[in-house]
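In what follows, a structure is listed as C-alpha cells, so that the remarks can point back to it.
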Amino acid sequence: MGSYESELNLKATELRLGLPGNDEPEKRSCSLRSNKRSSLESGVEESRCKTNVNSHASDSTTTSDHDQDSVQPAKVQAVGWPPIRSYRKNSLQQKKVECDGNGMYVKVSMAGAPYLRKIDLKVYKSYPELLMALQTLFKCTFGEYSEREGYNGSEYAPTYEDKDGDWMLVGDVPWNMFVTSCKRLRIIKGSEAKGLGCL
Amino acid sequence: MAYTFSFPEEVLEHVFSFIESEKDRSAISLVCKSWYEIERWCRRRVFVGNCYAVSPVMVIKRFPELRSIALKGKPHFADFNLVPEGWGGYVCPWIAAMACALPCLEEIRLKRMVITDESLELVAKSFKNFKVLVLTSCEGFTTDGLAAIAANCRNLKELDLQESEVEDLSGHWLSHFPDSYTSLVSLNISCLGNEVSLSALERLLGRCPNLQTLRLNRAVPLDRLPNLLSRCPQLVELGTGVYSTELRPEVFSNLEAAFSGCKQLKSLSGFWDVLPSYLPAVYPICSRLTSLNLSYATIQTYDLIKLISQCRNLLRLWVLDYIEDAGLYALAASCKDLRELRVFPSDPFGLDPNVALTEQGLVSVSEGCPKLQSVLYFCRQMSNAALYTIARNRPNLTRFRLCIIEPRTPDYITREPLDSGFGAIVEHCKDLQRLSLSGLLTDRVFEYIGTYGKKLEMLSVAFAGESDLGLHHVLSGCDNLRKLEIRDCPFGDKALLANAAKLETMRSLWMSSCSVSYGACKLLGQKMPRLNVEVIDERGPPDSRPISCPVEKLYIYRSIAGPRLDMPGFVWTMEDDSSLRLESSR
C-alpha cells in the first residue's frame, strides 16, 4: 500500500476546485451562489459514478461570475438524494403543491417601526389568518374590515403595493388575487387610512 | 488445585434476571456450557439487528421462553428509495414460527419490515397476553390488520405505527377496541391518512386511565383537540393533528386551557399546517417541555424563536430550516440542556437556498449547548473552520450527521475538501458512534476516520473518496464498525477483498453505484461462507455481463442462516464453496 499512498498524495494536490482561472477565495456574500457553481464544475471531473448529476449544467454557468439570473437547466436529481425519507418528502410535497412553488416572501413595514419584517404569504389561506398574523407580529389592531368603510375607526390599517405600484387597502380583492399581486405590505396609522377607505 | 463454585440453577437464574442488556446477556452465555443453558432458558428479550442473520427456528430453539422480540429488515438506505421494491424483509415466517412455539410472547417490535394483514391477524389470535406492537417504517398491511389487533388483544398496551406505510381503508378500525378494553398506554397513528372515528377515539381515551402517549394523525381537526385532551389530562407525550382551523376566539382559549390542563405533558409533535396565531396556546406549558418535534411545521423564524426561547428545559428539538441561523442562535441562548438537534430542509430540491441557514447556526448551538450529543443537520454550505470549531466545542458528540445538500460541495471559503474538518470531528469526539459525511471529500478523510474513529459503529458515505485506499482505511482502522453504507463512491474490489475478514465482524455493508465487480462479489461469496453476499441488479442477471462489470448494488451481511430463500428476481446471493462442491458432486 506504500506506493498507493504516494499516488494518493499526488492526486490530492492535483485536485483543485473553483472556476477556471479563478484562484481567489469567493467573498462570503457570494458564497451560496458560487458554491453551487463549483460543485457543478466538479461534476464534470467526476466521471466514475453513474449518477452524474451536474455535468450537463456546468458549461452554461461557468462563464458569468455575477449573473444571478442565469437560467439553471433542470437538475437531474440523484435517486435518494438528499437523504430524506419519503414520508417526510410527501409531507413537504403536499405543502408545495398547495403553494404552487417556492414560498412567497414579502416585506412588511410599519409606520414608526425601526426595521422591516418578512412574511411568507403562502403560509396563510385567508385574510383573517394574515391579519391575525400581522397584528401579532406588530402588536397592533386593525379592527373590523368593511367594504364601505375599510378599517375605519381602528388604530392601524394594512395596505399593500400591487403589481402596478399602487397602494391598496388589504381586503378589497379576493384572497387568491391578493396573494399573486401583492409585492409588499405596509401597516399605516388609521388616520392615514381614511383617505384610502372612502372613495 | 481446582475447585468449582456451583450455585443451584435457580439462584443463577435469579441473578441473571437482573441483567437486561443484550451485550451482557451474550457475555454471560459465553462463560461456560451450564451458564449458556441456564441463560438461554431465562432470556426474555432478544434483538435481531438483521432478520436474515439468523432463522426464526434457531432463535426460538435457543430461547424458548421469549417474551419480547425486536427485528430489523431492510438496510437503512431503503429509507431513501435505494432498495428496490420487493427486496425482502418479510416478517411472516417469524410470526408463523412464533405463533406455534411462543404462545406467551408479549412484544413485537419491527423496523423496516414487510408485515401483512394475515400476520397481524395471526398475532392477534395467537398471543393471549400480547402487549406491545411497534411497527417503525414498516409496510404491507392495511387498517383491517389493525382492526384485528384492536378487537382481540385485550391486554394491549402499546400500538405504535411510526412512519409506516399503511393502506388506510377506513377509520373504523379504531372502533374495534371493545368497551371493556382499558389498558392502552401508548398510541401512535400519526402516519394514517384517513380520519379515524373521533367519537370512538374520545371514548377510548376516556376509559384508558394509563394513557401516556398519544400521537394523532394529520386528519384530526384542531377544534376537536381540546375535547380529546380533556379525556386524558395525564398525557405525557402528544402529537397534534393539523394545527390550523378557522379563526375563532373560543377555539384558541379552549386549546390553551386543554394544554394547560395536561400537567404531565413533556413532549409535543405533529403541528402540520401550523397557523402561527395558534402557537401561543402552548406557551403556558413550554417550560415543561423536554421534546419538541416541529419538523412538519412551516413556521417562520420569528414564531419559532418566540416558542423555543420559552422552552428552557428542552432536551430534543426537531425542526425545519425555517429556524435559520437567528433561530439557532436563540436556541443556543435559551436551551442549555439540549441533547439532540435535527434540522431538516424545507426545500431540499430547490436550486437556490430559500432560508438564511448556514453553518453558523450549528456553530452557535455547539457553542451554547454544552450537553449536545446528537446532531442531524441539512445545510447548503460548510467550512473546515466551522467543523473545527464544532469539534473543539463539543467533544462529547456521539452522533454527527451532516448533509450538505449539493453533492461534493467544497469548503465555501477556501474551496478545499472538507477532509480536515471531518477529521477534527473524529479526532476530538472520541466517543463518536455514528457519523454521516457529505461535501467534497478525498481519501484523506477516511484516513482520519480509520485513525481516530475507534468507537465508530455506523458510517454513512456518499459521493466521496478517490480510490480503494479510502475504503481500506475505514475497514482496517475502525475497530467497532458495525454498519457501513456507501453510495456513489469510487471504491472497488481491492479494499473489499483485502478486508474480507473484517466483514464478518460487522452487521452489514451496503455499497451502491460504486465500482465493485461481479467477479469480486463471486470471490467474496465463495471464500466467506458466513457472509451472505447479495448482488442487487435491476439490469438482469450479472452472468449476462462481463465478470469485471461493476454491480449496481451490493449488500453483504453476516449470517448463520445461509442464503435466504425469499429473494426477488433482481437479487442474487453469491454461493460459497461448500454449496459449489455439493453441485459438482451430484
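Each chain gets a letter, A, B and so on, in the order its sequence line appears, and its residues count up from 1. Since this is a predicted model, take the numbers as computed values, not measurements. For the numbers below, each heavy atom of this structure counts, side chains included, while hydrogens, waters and symmetry mates do not.
- The aromatic ring centroids of B/F491 and B/F446 lie less than 6.0 Å from each other.
- Of the inter-residue distances, the one linking A/I84 atom CD1 with B/I405 atom CD1 reads 6.5 Å to the nearest 0.5 angstrom.
- Between A/Y127 and A/Y145, the distance from one ring center to the other does not fall under 6.0 angstrom.
- When heavy atoms are compared at a cutoff of 4.5 Å, A/I119 does not approach chain B at all.
- Residue contact with chain A, scored on non-hydrogen atoms closer than 4.5 Å, is absent for B/C514.
- Between the side chains of B/N354 and B/S346, at least one donor-acceptor pair of N or O atoms lies under 3.5 Å.
- Using a 4.0 Å cut-off between charged nitrogen and carboxylate oxygen, B/R380 and B/D352 do not count as a salt-bridge pair.
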Let me see the working for B/L418 and B/I404 under side-chain contact (heavy atoms from CB on, under 4.5 Å), right down to the final yes or no.
CA-CA 11 Å; B/L418 291 169; B/I404 304 165; 3.4 Å; yes

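- Contacts between B/Q300 and chain A at a heavy-atom distance below 4.5 Å involve the side chain alone, from C-beta outward.
- Both the backbone and the side chain of B/S190 have a heavy atom closer than 4.5 Å to some heavy atom of chain A.
- No part of B/F77 comes within reach of chain A, as not one of its non-hydrogen atoms sits under 4.5 angstrom from that chain.
- B/S295 touches chain A through backbone and side chain together, each having a heavy atom under 4.5 Å away.
- Heavy atoms closer than 4.5 Å to chain A are found in both the backbone and the side chain of B/P348.
- There is no contact between B/Y278 and chain A, counting heavy-atom distances below 4.5 Å.
- Contacts between B/P550 and chain A at a heavy-atom distance below 4.5 Å are absent for every atom of the residue.
- Residues B/D273 and B/S244 have side chains that never bring a donor and an acceptor to within less than 3.5 angstrom of each other.
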